[in-house]
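Note that these values count all heavy atoms, side chains included, but never hydrogens, waters or copies made by symmetry. Numbers restart at 1 for each chain; the letters A, B, ... are given by sequence-line order, proteins then strands.
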Amino acid sequence: MSRRRPLLAVLGAGAGIAAGVAASRWLDVVEVHGSSMTPSLLPGDRLVVECRSFSLRAPRAGEVVLAADPRESGRELIKRVFAVSEAGDVADLRGDAPDESTDSREFGAVPLSEIRWRAALRYWPPQRVGRL
Amino acid sequence: MLSLRTILRPTRRVHAHCDVPCGVYDPEQARIEAESCYRIIEKYHASTDELFRQRCVVVKEARAEETKHHIDVMWHDYFKPEHVEQYPDLHDVCWKASKAASKVKQSTDLEAAKELLGLIDRIDEMWKGTGGLAKTRLNGRPS
């Protein structure tokens, strides 16, 4: 019985997320590529992202966010907010693995207008399901 | 009716990106290519051999393209926003240098090649002023 509980939890969470995604334009699901967010996020991790929070407030330091790549249009980056400027117009984004990350240290601070999605939780792989 | 599998399939890829920035930069790379253009243009004007002159044009165009590439690497990859604060004309100088490289590619004008070298020297000054040698070369330049 105890061995089946995680599976049930995953299925339950999956159904809940599925309903949420289907019901809402504020949610989406994405897959992580690259390893600059190791160890928090690994390549292949699947996440639920939401764009409601940043329509109401600015991103905060520590949050994992999606941002348009300033150097390659059409590509979306996932990084952690290291700091938000005092004026509240740009954010310094960093990867959790500094030696394996191209981030604001290279391309500078990113305008908050380019940061719309917040990574809320991981739903895959099952053994690492949880909030971010 | 949407299946669970369909709904949970990621709709987009997000990149925890790393382009392995090696961190090694030196405007000398651009300077050497630009000097090569300068010398080739001199040789072009000094020669009456039509075949040699044609070769000069071909090689000079390739060198000028290389110059432009190395200028762009300095501009896009090395220089950071804080460097622009330190040198407010940084973008203008890099832009003019890139344009000058194009002009050298298109013409056999020695003055254009001279102007290009001058602009690369300006980039060199800004590179040195922002930590250049010590920060971006392994053990400084070989002496």
Side-chain angles (χ1 to χ4, degrees), chain A residues 11 13-23 27-38 40-49 64-67 69 71-72 74-80 90 92-93 95-109 117 119 123-124, chain B residues 1-27 29 68-95 98 123 126-127 129-138:
Chain A
L11 284 177
I17 294 161
V21 170
L27 298 177
D28 202 358
V29 285
V30 301
E31 184 173 277
V32 176
H33 285 245
S35 48
S36 77
M37 287 298 286
T38 329
S40 348
L41 300 175
L42 302 178
D45 281 3
R46 293 180 178 191
L47 318 174
V48 176
V49 295
V64 177
V65 301
L66 310 190
D69 188 333
R71 303 189 307 173
E72 193 176 319
R75 182 159 69 178
E76 238 177 335
L77 300 178
I78 183 159
K79 299 284 172 188
R80 195 178 295 278
V90 294
D92 186 334
L93 303 181
D96 283 0
D99 292 342
E100 293 179 50
S101 178
T102 302
D103 49 36
S104 287
R105 293 169 301 165
E106 283 290 310
F107 51 65
W117 295 86
Y123 67 91
W124 194 263
Chain B
M1 186 62 191
L2 291 169
S3 73
L4 188 66
R5 184 186 285 258
T6 310
I7 292 164
L8 290 178
R9 186 179 299 144
T11 52
R12 31 203 243 258
R13 290 176 166 196
V14 291
H15 296 264
H17 180 62
C18 177
D19 63 5
V20 195
C22 67
V24 175
Y25 301 99
D26 194 331
Q29 266 181 306
K68 196 168 164 172
H69 167 73
H70 292 307
I71 291 167
D72 285 346
V73 168
M74 293 303 297
W75 189 4
H76 302 148
D77 295 349
Y78 171 69
F79 289 121
K80 309 284 182 298
E82 58 267 30
H83 300 161
V84 181
E85 280 172 30
Q86 191 179 341
Y87 295 99
D89 62 343
L90 189 151
H91 285 313
D92 192 51
V93 170
C94 291
W95 179 64
S98 203
I123 293 173
M126 296 188 283
W127 171 73
T130 52
L133 202 59
K135 276 192 184 170
T136 67
R137 296 295 303 270
L138 286 186

Open item on the list: Is A/W124 close to chain B through its backbone or its side chain, or both, or neither, when contacts mean heavy atoms under 4.5 Å?
Closed with: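 Contact with chain B is absent: no heavy atom of A/W124 under 4.5 Å.
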Open item on the list: Can you tell me which portion of A/L41 sits under 4.5 Å from chain B's heavy atoms? Options are side chain, backbone, both or neither.
Closed with: neither
What are the two closest non-hydrogen atoms of [X] and [Y], and how far apart are they?
{"X": "A/E106", "Y": "B/K80", "value": "O-CD, 3.6 Å"}
{"X": "A/R46", "Y": "B/L8", "value": "NH1-O, 4.0 Å"}
{"X": "B/A16", "Y": "A/V32", "value": "CB-CG1, 4.2 Å"}

Open item on the list: I'd like to know if the side chain of B/R13 pairs up with that of A/H33 as donor and acceptor (distance under 3.5 Å, no hydrogens or angles considered).
Closed with: yes
- [ ] Output the option from A/G108, A/S36, A/A97, A/A67 having the highest count of non-hydrogen pairs under 4.5 Å with chain B.
- [x] A/S36
TODO: Go through A/A109, A/G95, A/S35 and name the one with the most non-hydrogen pairs under 4.5 angstrom from chain B.
DONE: A/S35
Task: Rounded distance (nearest 0.5 Å) linking atom NZ of A/K79 with atom NE2 of B/H15 - done: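 Going from the NZ atom of A/K79 to the NE2 atom of B/H15 covers 11.0 Å.
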